Structures are given as structure tokens and as C-alpha cells.
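Have a look at the structure below, then the notes.
All of these numbers come straight from a predicted model, not from anything done at the bench. Below, each value reflects all heavy atoms present in this structure, side chains not excepted, and no hydrogens, waters or symmetry copies.
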Amino acid sequence: MKARARILGHPIHQILIVFPLGLLATSFFFDLAWLARGTEQLAIVAWWLAFAGVVGGVAASLFGTIDWLAIPRGTRARRVGALHGVGMMIVVALYAVSWLLRHDAPGHPETLAIVLSGMGVLLTIITGWLGGELADRMEEM
């Protein structure tokens, strides 16, 4: 799909998504490192990465929504875009809840907080694929 929101000819959504995707996935890997090492600083870094990833995800979603609204109704691209967008909203929500669960003790996350992060990574793989399908395979629309 040709993005509607562009800067200097490049799609803003595709530029922005690399930040939250990288931050959120790295947050989960810091959680795993904390589980393996028990070092409080690793969990605190995971907490901050999740926070930054959620903020970045919200910013990227604004431009994704602009692009999605430009897709013609009743098309496969519109359906794939909706699945991608809703899926990524769930990812951001999973990480937001994970972040909130850690708020009182970021250096010692609850098991549920880490599980939510892991679920976010798995869902990101699926919804990221849908976004790639939309951007790469449906680009002529």
C-alpha cells in the first residue's frame, strides 16, 4: 500500500515502527536476562524499554491509522490492515499492562508482567507479518 502519511517521500509509519518493535522486543530479552541473572538493573532497563516502546507504539499507530483510513473499503487490504492495527494495539496494551504491573518495583517484576511481554513478542511476529503483507505484497493499491 502506498502510505498516505509521508515525509520527503518516505512512509512515516514504516519509519517509526522500528523503534517500538525494537524497544519492546529488547525489553522482553532484558526480562529473560533478569530471570537468568537476577540482577535488578536488568529488570529496570526492561521497564524503561517497555515504557519507551509503548510511547513509540502509540506514535507509530497514529500514522498507521492515517494510512489505513486511505485504503478503499471492502478490500482485502483494508481487512489485513485492520487485523494488523488491532493486533498491534493489543501488543501495546500487553506491554502497557506489563509496565504498570512493574511500576511499584521495576527491579523485581512479577511473573505475569514477564508473561505479558512474551505474549507481546509472539503477537508482534504475527501482526508484523500482516503489516509486511500490506506494505510489500499489496503495494500497487
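Separating the CE atom in M89 from the CG atom in L94 is a distance of 12.0 Å, to the nearest 0.5 Å. In this structure, OG in S61 is found 10.0 Å from CD1 in I66, a value given to the nearest 0.5 Å. Here the CG-CG distance, from L123 to L116, works out to 12.0 Å after rounding to the nearest 0.5 Å. Atom-to-atom distance recorded for D67:CG and L62:CG is 11.5 Å, nearest 0.5 angstrom.
Without hydrogens or angle criteria, H84 side chain to T127 main chain gives a donor-acceptor distance under 3.5 Å. Judged purely by atom type and a 3.5 angstrom limit, T75 uses its side chain to pair as donor or acceptor with the backbone of R78.
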Could you go through the side-chain contact (heavy atoms from CB on, under 4.5 Å) check for T111 and I114 one step at a time?
CA-CA 5 Å; T111 302; I114 296 171; 5.8 Å; no

Go through the steps for R76 and V80 under the test side-chain contact (heavy atoms from CB on, under 4.5 Å), then give the verdict.
CA-CA 6 Å; R76 178 174 179 265; V80 169; 4.1 Å; yes

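Counting all heavy atoms, side chain and backbone alike, A60 lies closest to L16 at CB-CB, 3.9 Å. P109 approaches A43 most closely through the heavy-atom pair CD-CB, 3.6 Å.
Grouping the Ile, Leu, Val, Met, Phe, Trp and Tyr side chains by contacts below 4.5 angstrom, directly or via other members, places W129 with W68. Residue I90 is not grouped with residue L134 when hydrophobic side chains (ILVMFWY) are merged at heavy-atom distances under 4.5 angstrom, including chains of intermediate members. At a threshold of 4.5 Å between side-chain heavy atoms, the hydrophobic network of Ile, Leu, Val, Met, Phe, Trp and Tyr places L69 and L130 in one connected group. Transitive grouping of hydrophobic side chains (ILVMFWY, heavy atoms separated by less than 4.5 Å) brings V92 and M119 into a common cluster. One hydrophobic cluster, built from ILVMFWY side chains closer than 4.5 Å, holds both L101 and L49.
Between L122 and I126, the closest side-chain pair of non-hydrogen atoms is not below 4.5 Å. With a 4.5 Å cut-off on side-chain heavy atoms, M88 and T124 count as touching.
Hydrophobic clustering, defined by side-chain heavy atoms of Ile, Leu, Val, Met, Phe, Trp and Tyr closer than 4.5 Å, groups L100 together with I44, W47, W48, F51, V55, W99.
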Counting only pairs under 3.5 Å, give me each side-chain donor-acceptor contact of residues 20-35, with atom names and distances, residues two or more places apart or in other chains.
residue, atom, partner, partner atom, Å
T26, OG1, G22, O, 2.6
S27, OG, A46, O, 2.8
D31, OD1, R102, NH1, 2.7
D31, OD1, R102, NH2, 3.3
D31, OD2, R102, NH2, 2.7
D31, OD2, S117, OG, 3.4
W34, NE1, G107, O, 3.3

